[in-house]
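First up is the structure itself, then whatever we jot down about it.
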Protein chains: 2
Amino acid sequence: MPTETQLAEEFNCARATVNRALRELAEQGFVERKRKSGTRVKKEPSKHAKLEFSLARQVVENQNAAYRYALVERNVVISPGWLSSQLNVAPNVRVLHVICMHYADNRPFQMEERWINIEAVPDVEDADLLEQGPHEWLLTTAPFTDAEVAFCAISADARLAEFMGTTAGASMIQMERTTWKSEKPLTFARMTHHPGYCIRTKY
Amino acid sequence: MPTETQLAEEFNCARATVNRALRELAEQGFVERKRKSGTRVKKEPSKHAKLEFSLARQVVENQNAAYRYALVERNVVISPGWLSSQLNVAPNVRVLHVICMHYADNRPFQMEERWINIEAVPDVEDADLLEQGPHEWLLTTAPFTDAEVAFCAISADARLAEFMGTTAGASMIQMERTTWKSEKPLTFARMTHHPGYCIRTKY
DNA sequence: TAGTGGTCTAGACCACTTT
DNA sequence: AAGTGGTCTAGACCACTAC
C-alpha cells in the first residue's frame, strides 16, 4: 500500500489521520504494518472476536434470571502435583480449594472448582466466601493481569451430574482458567456450565 | 477522573496524547468515557480475550500436523424453515449445503456442515469445493463483515461418531457461526471438533 | 446551553528495520 | 544510510448530552 504520506496527499488530510485509520485497520487484522517495509493488505484477514469475561452473576443477571450463590466446600490443602505444575508453584505449598455453585432462577447454572495460591493472596485465608464467590472476591481484591483460558466439552460424572441436576454422561461446556498477577500465579479455576449452555459472541 | 485538558496540564503533554491514552484504556475496559459526564474508572474492569477465528487448516498446521481436507457432500437444496429463520432469508430460497471433513495427521479433526445463501454468493454454485473447503473459498471470495458465534457442548450421535472416529455419546465442542456481508446473510456453519479438543486463548 | 470527549490539522522528531 | 511507521505537540472545530 502507499505510504502514510502518499495517502494523506491523496485524500487531502493530515498524516495523523491516515495513521489512525491504518492503525485501526491493523488492530482489526486487515493489514499488517512494518517499519521501513510499509503497510500490506493481509491475504487472509485475521478476524477475531472479543470474548467477554464476566462473573457468573453478571451472566445470569443479563439473562434476567435471579442469581444465587452457594458455597459447597472450602478447605486449605497441600497443592497436589498436577496443580503445582499447572500454576508453576513449588510443590507442597498450601492452597485454598473452593467448590461452589451458581444458580439462575434456582436452576444449576455453573459449578466452579478453584484452587487459589495463598502465598500470592494471603488475605484469602480469612475470607469466608459464604456470601460472595471466590471469583468475585478475587476480582475486587487481587485483579489479575494475565490469564490463559481453555474451553472444552466434557461428560458429566456422577457427582457433577448430581450437582448440575442432570444425568451422568451429559455433555457440558467447561472453561478452565489460570490467572497471574504480574508473573505471580494466582488461581486455577474450572467452571462447568449446565448442559445446553452456549457461549455466544459477535465479531 | 480529571478531564483531558486537566490531565494534559498535569502531565505536561498535549491533549491529543491524553486522549489516545484514555481511548486505549477504554478499549481495554478499564475506564468508561461519556461525553459531557467525563471519564470514570470502572469498578469491575471488563476484561476480554481475543478469540482468533482461523481456518481449520491454519489450526491444524499450527499444531505441526499434516492437514487434509475431504468433501463429503455437496448439493443444492431448498432452505428448510429453521435455516430461513436463522439466516433471515425468504423461505424456500435455494441454498448450497456442504458437509466436509478436516483431518490432522489423518485423524478426524473437525466436521463441518454448512449452508450457503446462493443469492448472496452466486459464484459458489460453480465452485466444486473438492480441493478447498467452503470456509476457505468464502473467505477469499466473499469475506464477511459481521458474524455471530456460539460454542456449545454436544453428544455425538451415531453418524457424527462414525465420521469423527469415536463412539456415540462422546462429548464434543461445537461452534456455530452465522455470517453476514453488509447486512446480507452469507452462511450458517456448524463445526464439530474431535473429542478432547480445547479452544485456547489468552488475555 | 455549557462542558465534555471525538476528531482533525500541520508540523516535528524519533526508532526501528531493511538495504 | 534511508525510508518507514510511531508518536508527540499546539491548536482548532464539532457533536453529543447532562443539566
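These numbers come from a predicted model, not from an experiment. Here is how names work: the chains are called A, B, and so on, in the same order as the sequence lines, proteins then strands, and each is numbered from 1. These values consider heavy atoms only, across backbone and side chains, with no hydrogens, waters or symmetry-generated copies.
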Could I get the full list of side chain to side chain donor-acceptor pair (under 3.5 Å) partners for Arg20(B), not counting sequence neighbours?
-> Glu24(B)

Select base, sugar-phosphate, or nothing to describe what Thr39(B) touches, counting heavy atoms under 4.0 Å on all strands.
-> sugar-phosphate

Heavy atoms of Val18(B) and Cys13(B) approach each other most closely as CG2-SG, 3.7 Å

Regarding Ser171(B) and Ser155(A), is there a side-chain donor-to-acceptor distance under 3.5 Å anywhere?
-> yes

Go through the structure and list residues passing side chain to side chain donor-acceptor pair (under 3.5 Å) with Arg68(B), not counting sequence neighbours.
-> Asn106(B)

Applying side-chain contact (heavy atoms from CB on, under 4.5 Å), name anything that partners Val72(A), two or more places apart in sequence or on another chain.
-> Ile99(A), Met101(A), Phe163(A)

Could you list, one pair per line, each protein nitrogen or oxygen that sits under 3.5 Å from a nitrogen or oxygen of nucleotides 9-13 of chain C, together with the distance?
residue : atom : partner  : partner atom : Å
dT9(C)  : OP2  : Ala14(A) : N            : 2.8
dT9(C)  : OP2  : Thr17(A) : OG1          : 2.2
dA12(C) : N6   : Arg15(A) : NH2          : 3.0

By a strict heavy-atom criterion of less than 4.0 Å, which residues belonging to residues 26-36 of chain B are in contact with DNA chain C?
-> Arg33(B), Lys34(B), Arg35(B), Lys36(B)

d(CG, Leu22(B); P, dG5(C)) in whole Å = 8 Å

Let me know the distance between CE of Met1(B) and P of dT4(C), rounded to the nearest Å.
-> 13 Å

Length of the CZ-P vector between Arg20(B) and dC8(C), whole Å | 14 Å

What pairs with Glu125(A) under side chain to side chain donor-acceptor pair (under 3.5 Å), at least two apart in sequence or on another chain?
-> Arg94(A)

N or O in side chain of Asn19(A) less than 4.0 angstrom from dG6(D) OP1/OP2 | yes

Which salt bridge (Lys or Arg N to Asp or Glu O under 4.0 Å) pairs, counting each pair once, include a residue from residues 128-137 of chain A, with sequence neighbours left out?
-> Arg57(A)-Glu136(A)

Using rotation axes that map the C1' atoms of four end pairs onto the next four (five pairs an end), what angle separates the end axes of the helix from dT1(C)-dA18(D) to dT18(C)-dA1(D), to 10°?
-> 20°

The side chain to side chain donor-acceptor pair (under 3.5 Å) partners of His193(A) (sequence neighbours excluded) come to Gln110(A)

Can you name the residues that form a side-chain contact (heavy atoms from CB on, under 4.5 Å) with Asp123(B), not counting sequence neighbours?
-> Trp137(B)

Can you name the side-chain contact (heavy atoms from CB on, under 4.5 Å) partners of Thr187(B), sequence neighbours left out?
-> Arg114(B), Ile116(B), Leu138(B), Thr179(B)

Whole angstrom is fine here: how far is it from CD in Glu4(A) over to P in dA15(C)?
-> 17 Å

Using only side-chain N and O atoms of Thr3(A), determine if any of them is under 4.0 Å from OP1 or OP2 of dG3(D).
-> no

Residues at least two apart in sequence or cross-chain that pass side-chain contact (heavy atoms from CB on, under 4.5 Å) with His48(A), listed by chain then number, are Lys50(B), Glu52(B)

